[in-house]
Protein chains: 2
Amino acid sequence: MKHTRRSESVASQRGEGETTTTPAEPADRERARAIPEAAVARLAVYLRVLSGMADQGVTAVSSEELSQAAGVNAAKLRKDLSYIGSYGTRGVGYDVEVLVSHIERILGLTRNHSVAVVGIGNLGHALANYGGFPGRGFPVTALFDVDDDLVGIPVGGIPVNHIDEITAICVEREVSIGVIATPPPAAQSVCDRLVSAGVQCILNFAPVVLQVPDNVEVRKVDLAVEMQILSFHVARRADEAASVSVGNNGLGVDGMVIRP
Amino acid sequence: MKHTRRSESVASQRGEGETTTTPAEPADRERARAIPEAAVARLAVYLRVLSGMADQGVTAVSSEELSQAAGVNAAKLRKDLSYIGSYGTRGVGYDVEVLVSHIERILGLTRNHSVAVVGIGNLGHALANYGGFPGRGFPVTALFDVDDDLVGIPVGGIPVNHIDEITAICVEREVSIGVIATPPPAAQSVCDRLVSAGVQCILNFAPVVLQVPDNVEVRKVDLAVEMQILSFHVARRADEAASVSVGNNGLGVDGMVIRP
DNA sequence: CCGACTTTGTGCATGCGTTCACAAGCGGTA
DNA sequence: TACCGCTTGTGAACGCATGCACAAAGTCGG
Ligand SMILES: NC(=O)c1ccc[n+]([C@@H]2O[C@H](COP(=O)([O-])OP(=O)(O)OC[C@H]3O[C@@H](n4cnc5c(N)ncnc54)[C@H](O)[C@@H]3O)[C@@H](O)[C@H]2O)c1
Ligand SMILES: NC(=O)c1ccc[n+]([C@@H]2O[C@H](COP(=O)([O-])OP(=O)(O)OC[C@H]3O[C@@H](n4cnc5c(N)ncnc54)[C@H](O)[C@@H]3O)[C@@H](O)[C@H]2O)c1
């Protein structure tokens with residue numbers, strides 16, 4: 001529809017004046033810093049898709065193919081990959097193995113990250129039993145609970161320890177990621193303990209907003225929120241349907257309407 | 001970020017004639033469309049915080065207090081609330097009850113959303129047993145699995161049905177949200193079945209990119225991705241630390257480099 | 001009834017992320 | 001070697017989200 005008249009004006013070719021800081025700077029680090037959070041999340045997805053392809057013997061892939069398998073726009077994929085370097089071959093595509101290894105490097109997957117799960121209830125059991133983590137460089141090395149009936153019992157091959165031992169054990173086993181699966185009221189206190197044990201990354205399943213120091217990274221998985229977002233879309237869709245069928249005169253009942 | 005959808009903003013494309021038509025009613029429907037996805041997610045968080053406050057007898061709250069409890073910027077909170085209307089009192093703050101009911105209305109929580117869980121393994125059991133959903137308007141009304149040993153056994157009070165019954169049962173029980181907790185290879189096929197049973201909202205725990213029609217909303221919970229994002233931050237942090245202590249001469253371990 | 005004080009709601013600037021569009025670059029081919 | 005078609009990598013535009021800063025709008029004490 002629109003025509004953007006590009007002016008071939010100022011040659012932007014080797015426009016290399018903008019590097020700012022240090023002169024001889026290979027720039028991997030600059031890159032790592034500059035990667036948008038959203039892109040990091042997608043890189044993890046690309047990595048999984050690529051691993052699957054590698055397992056099936058695929059050796060090369062184009063941005064178009066990969067983007068489709070990952071469910072994103074091809075241009076976005078290329079831009080995401082460009083954040084980590086230029087590892088493609090024009091006219092051909094990307095070498096799967098090469099891409100895998102570079103994404104792994106950027107995501108810090110060249111070393112293992114030891115995981116501790118706190119709160120071995122319904123969810124904690126599922127997590128501890130889950131086989132998907134160790135295989136991907138995230139071995140679960142410690143489990144904690146307050147319940148004395150659980151302490152000592154192995155879950156998924158790891159014995160449960162009492163929460164009071166959290167500091168000593170986290171330090172000893174070099175836990176780098178703490179997973180909180182306790183009831184909400186206990187979450188903040190567990191979080192504090194993890195932090196004082198030196199854990200700087202936390203994955204929180206409890207529906208609670210955790211307060212942490214700046215140097216600690218928290219990610220939350222909040223199922224209730226996910227459900228409510230879905231609910232919002234249901235409602236919106238119902239509204240639209242209503243406005244179409246009723247004829248867009250305004251409000252339905254209480255703003256709520258029924259399914260198409 | 002962590003989002004699956006291709007078209008981000010909630011307000012997708014403007015339909016043809018219906019834009020300017022409504023004269024005296026800018027209200028709810030147009031509003032609901034305009035709410036940014038990110039804001040919707042936060043509204044759900046505010047709702048939980050507010051509910052907690054209401055339970056403790058708090059009747060009024062300022063944007064400052066609420067924003068702190070929700071872990072966001074106060075200005076952002078006010079903007080988020082402004083998307084749903086003007087229900088605050090200047091100089092005073094917000095009435096907790098009023099806010100709760102309006103957020104619930106916008107999120108479509110004035111009606112129940114029936115949930116079906118597919119794949120009653122480790123995770124499916126945890127979900128089925130979880131008491132947090134029914135209380136919040138998301139009753140789990142159906143469970144499905146292929147495993148004949150599971151079929152008929154009640155989990156969390158609901159008997160497991162065979163996956164082949166999925167269409168009939170989802171229709172009958174008016175399931176509006178389907179949760180996929182099967183192994184990855186089964187996820188797409190389960191998804192297709194849910195969709196053909198009329199389910200338009202899906203919460204996916206399997207590490208797979210689902211392909212769905214445009215009218216279906218998918219949200220994914222991908223623990224491996226969450227872990228990898230944390231891993232990325234660990235790596236970045238390690239790099240920074242190294243650059244400080246080593247003194248920025250170039251490369252660190254493994255070709256990774258550190259920041260200036 | 002007034003004036004001082006508090007807090008909301010929002011216009012605006014800024015920054016980030018997404019998307020488009022295309023030149024540069026590569027492999028294959030004549 | 002020179003050309004051709006294909007795919008990458010990226011500059012630039014666009015659009016959404018964030019945060020600031022302040023007028024508007026209310027409360028409260030006198
Ligand atoms: N189960 C689910 O499917 C699900 C879904 C969404 C959210 N969640 C959230 O995940 C968390 C765990 O859920 P769950 O169903 O596993 O709960 P649960 O009650 O089954 O398990 C909680 C476990 O935490 C332990 N615990 C309590 N206080 C503790 C403390 N201070 N230190 C260490 N351990 C402690 C308990 O002994 C118990 O074993 C909750 O916050 C819940 O809201 C769970
Ligand atoms: N357990 C966890 O903590 C965890 C963590 C992250 C991701 N996940 C993901 O969640 C999913 C479930 O994990 P899990 O540990 O519960 O696995 P699981 O193997 O314990 O359970 C899977 C269940 O799905 C059933 N199933 C298989 N094919 C099916 C089909 N076509 N239709 C219906 N049911 C089918 C199986 O019978 C089994 O009961 C997996 O995709 C896994 O990658 C799980």
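Bear in mind that the values here come from a model prediction, so they are computed numbers and not experimental data. Residue numbers start from 1 in every chain, and the chains themselves are labelled A, B, ... in the order their sequence lines are given, proteins ahead of strands.
- Of the inter-residue distances, the one linking A:S63 atom OG with A:D80 atom CG reads 11.5 Å to the nearest 0.5 angstrom.
- Checked against D:dT10, C:dT19, D:dA17, the side chain of A:S82 finds its nearest nucleotide in D:dT10.
- No donor-acceptor pair under 3.5 Å is formed between the side chain of B:Q211 and the backbone N or O of B:Q188.
- When rounded to the nearest whole Å, the span between CG of B:D95 and P of D:dT27 equals 13 Å.
- Heavy-atom distances to DNA chain C give each of B:S62 and A:G91 a nearest nucleotide, and the one nearer the 5′ end belongs to B:S62.
- For B:R90 against C:dT8, a side-chain-to-base donor-acceptor contact under 3.5 Å is present.
- Separating the CD atom of B:E64 from the C1' atom of C:dG9 is a distance of 15 Å, rounded to the nearest angstrom.
- The separation between B:I84 atom CD1 and C:dT8 atom P is 14 Å, rounded to whole Å.
- A close approach under 4.0 Å does not occur between any side-chain nitrogen or oxygen of A:T89 and OP1 or OP2 of C:dC26.
- OP1 or OP2 of C:dT7 has not a single side-chain nitrogen or oxygen of B:S63 nearer than 4.0 Å.
- For the OP1/OP2 pair of D:dG26 and a distance below 4.0 Å, the side-chain nitrogens and oxygens of B:Y94 include no atom meeting the criterion.
- Note: CG (A:D80) to P (D:dT10) measures 13 Å, nearest angstrom.
- The side chain of B:A75 approaches D:dC20 more closely than any other nucleotide in the set D:dC20, D:dT27, C:dG9.
- Side-chain atoms of A:K79 and base atoms of D:dG9 include no donor and acceptor less than 3.5 Å apart.
- Of the side-chain N and O atoms in A:N73, none sit less than 4.0 angstrom from OP1 or OP2 of C:dG17.
- For the pair A:P207 and B:R48, the minimum side-chain heavy-atom distance is below 4.5 Å.
- In this entry the distance linking CG of A:L66 with C1' of D:dT7 reads 13 Å, nearest Å.
- How far OG of A:S231 is from CG of B:N112: 10.0 Å, rounded to the nearest 0.5 Å.
- Rounding to whole angstrom units, CG of residue B:L81 and P of D:dT18 are separated by 14 Å.
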For this session: Go through the steps to decide whether A:H233 and B:E37 satisfy the test side chain to side chain donor-acceptor pair (under 3.5 Å), and finish with yes or no.
Result: CA-CA 10 Å; A:H233 287 288; B:E37 181 95 5; 3.3 Å; yes
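- Of the side-chain N and O atoms in A:R42, one or more sit less than 4.0 angstrom from OP1 or OP2 of C:dT18.
- Whole-Å rounding puts the B:R78 CZ to C:dT7 P distance at 10 Å.
- If you take OH of B:Y87 and P of C:dT10, they are 12 Å apart, rounded to a whole angstrom.
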